[in-house]
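What follows is a single structure, written as structure tokens, with notes after it.
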Amino acid sequence: MEHSKHTKLGSTEKQERGDGGSVLNGHFDGMPKRPAAGCSAAQGAECAPPRAASSVMESWKEERTRSVEDNEMSLPSLAAAYSTILRGLGEDPQRQGLLKTPWRAATAMQFFTKGYQEKIVDVLNDAIFDEDHDEMVIVKDIDMFSMCEHHLVPIFGRVHIGYLPNKRVLGLSKLARIVEIYSRRLQVQERLTKQIAVAITEALQPTGVGVVIEATHMCMVMRGVQKMNSKTVTSTMLGVFREDPKTRDEFLTLIRS
């Protein structure tokens, strides 16, 4: 099984966009970069002061990009957009069967992407416990539903998570909640796998984390190559799960049993 690119423990995925914004744990912050005082525009990021390590470590706590109020405000425009889509498909949004479809579809899309309304810190709250346990913890076969960001069609499958505690453990149901937060967004499976692993690492600082996702992509089943039985498997291994083959093999063996 191929393992994703190495990520240092305690770091957060960070990429640069050509338009000057940044992506943090998979989310574009929407803010163009401005040169620091005394820097020319040409110097740009090279001249900007380095970001504090603590702010990088805590970045997973500041992920919410949409609120309930945003949902209420955007619902009419989303419904109007679905009406436009129906007309573009040659349908009549005014016929009986489609009268309420734009509003239903808009509400459904907000639910499918409700992960944008949640932050990991809100979910974990008081569910991290001091515990002198250093053996592997695994929760496997977590149901996952997401939306392909390329075609806006479903991705669904199972997530397997394992970690080696470092004097702290997480309430088991919270692992499933972390999966729910990141999967209920527009996603690609590779990024989703890494986001789950990085979030657990930053929240718990364990000795290692392993995440494996097996999923069916409807963009490959309903359209394109139309391969009904295809599955995509991705993995992210951090810490000892990446560095120690025996630990990794134990995890992979247990999730297959």
Side-chain angles (χ1 to χ4, degrees), residues 1-5 7 12-32 59-60 63-66 70-71 74-75 77-91 101-118 120 142-161 178-199 211-237:
M1 182 177 296
E2 183 178 355
H3 302 299
S4 62
K5 187 177 179 181
T7 303
T12 303
E13 182 182 6
K14 183 178 180 182
Q15 303 168 351
E16 297 298 325
R17 282 173 57 110
D19 56 4
S22 66
V23 176
L24 191 59
N25 211 352
H27 299 289
F28 177 47
D29 63 14
M31 297 297 293
S59 62
W60 60 283
E63 288 180 328
R64 185 182 293 120
T65 59
R66 198 176 81 203
D70 291 333
N71 280 353
S74 64
L75 189 58
S77 61
L78 276 175
Y82 276 109
S83 293
T84 300
I85 290 173
L86 290 173
R87 292 191 190 94
L89 295 175
E91 268 290 0
T101 295
W103 289 91
R104 293 190 188 106
T107 303
M109 184 58 74
Q110 288 183 339
F111 179 82
F112 297 154
T113 60
K114 66 185 179 73
Y116 292 121
Q117 299 168 215
E118 300 175 292
I120 298 296
I142 302 170
D143 290 330
M144 178 275 295
F145 300 91
S146 191
M147 293 288 287
C148 168
E149 67 179 31
H150 301 145
H151 304 97
L152 298 184
V153 294
I155 303 169
F156 60 92
R158 299 178 300 167
V159 181
H160 315 293
I161 298 173
I178 291 173
V179 171
E180 183 77 358
I181 287 177
Y182 285 117
S183 63
R184 292 294 187 175
R185 302 176 181 185
L186 302 183
Q187 280 287 11
V188 295
Q189 185 173 326
E190 297 88 342
R191 182 173 68 231
L192 173 60
T193 311
K194 188 173 184 179
Q195 284 178 327
I196 294 168
V198 169
V211 177
V212 174
I213 299 181
E214 308 170 55
T216 297
H217 293 240
M218 297 309 290
C219 56
M220 287 184 63
V221 173
M222 296 175 64
R223 57 164 298 283
V225 293
Q226 299 182 58
K227 299 302 181 184
M228 299 294 293
N229 298 311
S230 65
K231 284 191 176 181
T232 300
V233 180
T234 52
S235 70
T236 295
M237 304 291 169

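Side chains are part of it too, since the values below use all heavy atoms of this structure and drop only hydrogens, waters and symmetry mates.
Rounding to the nearest 0.5 Å places OH of Y82 at 10.0 Å from OG1 of T107. The line from CZ of R191 to CD1 of I196 is 12.0 Å long, rounded to the nearest 0.5 Å. Note that the CD1 atom of I213 and the CD atom of Q189 stand 5.5 Å from one another [nearest 0.5 Å]. If you take NE2 on H160 and OG on S235, they are separated by 11.0 Å, rounding to the nearest 0.5 Å. To the nearest 0.5 Å, atoms CE (M144) and OG (S183) are separated by 6.5 Å. Here the straight-line distance linking atom CD1 of I178 with atom CD1 of I120 works out to 5.0 Å at 0.5 Å rounding.
No side-chain heavy atom of L192 sits under 4.5 Å from any side-chain heavy atom of I155. Side-chain contact between F156 and D143: absent, with no pair of heavy atoms (C-beta onward) separated by less than 4.5 Å. Taking the side chain as every heavy atom from C-beta outward, V188 and H150 approach each other to under 4.5 Å. Inter-residue side-chain proximity for I161 and V179 is flagged as met; some heavy-atom pair is nearer than 4.5 Å. Contact check for Q195 versus Q187: side-chain heavy atoms found under the 4.5 Å cut-off. In this structure, M109 and L78 have side chains that are not in contact, with every pair of non-hydrogen atoms separated by 4.5 Å or more. Looking only at side-chain heavy atoms (C-beta outward), E91 and T101 stay at 4.5 Å or farther from each other.
For the pair E214 (side chain) and K231 (backbone), a donor-acceptor distance under 3.5 Å is absent. Side-chain atoms of Y116 do not come within 3.5 Å of backbone N or O of Q110 as any donor-acceptor pair. Side-chain atoms of T216 never come within 3.5 Å of backbone atoms of N229 as a donor-acceptor pair (strictly under, hydrogens ignored). Although no hydrogens or angles enter the test, the distance criterion places no donor-acceptor pair under 3.5 Å between the side chain of R223 and the main chain of H151.
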- For I85 and L89, run side-chain contact (heavy atoms from CB on, under 4.5 Å): C-alpha distance rounded to whole Å, both residues' side-chain angles, the deciding distance at 0.1 Å, then the answer. CA-CA 6 Å; I85 290 173; L89 295 175; 4.0 Å; yes
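Checked by atom type, the side-chain pair T113/R66 shows a donor-acceptor distance below 3.5 Å.
Contact between V212 and V233 at its shortest, heavy atoms only, is CG1-CG1, 4.0 Å. When every heavy atom of C219 is checked against every heavy atom of C148, the shortest pair comes out as SG-SG, 4.0 Å.
The salt bridge (Lys or Arg N to Asp or Glu O under 4.0 Å) search around K227 returns none, not counting sequence neighbours. Checked against salt bridge (Lys or Arg N to Asp or Glu O under 4.0 Å), E180 has the following partners two or more places apart in sequence or in another chain: K114, R184.
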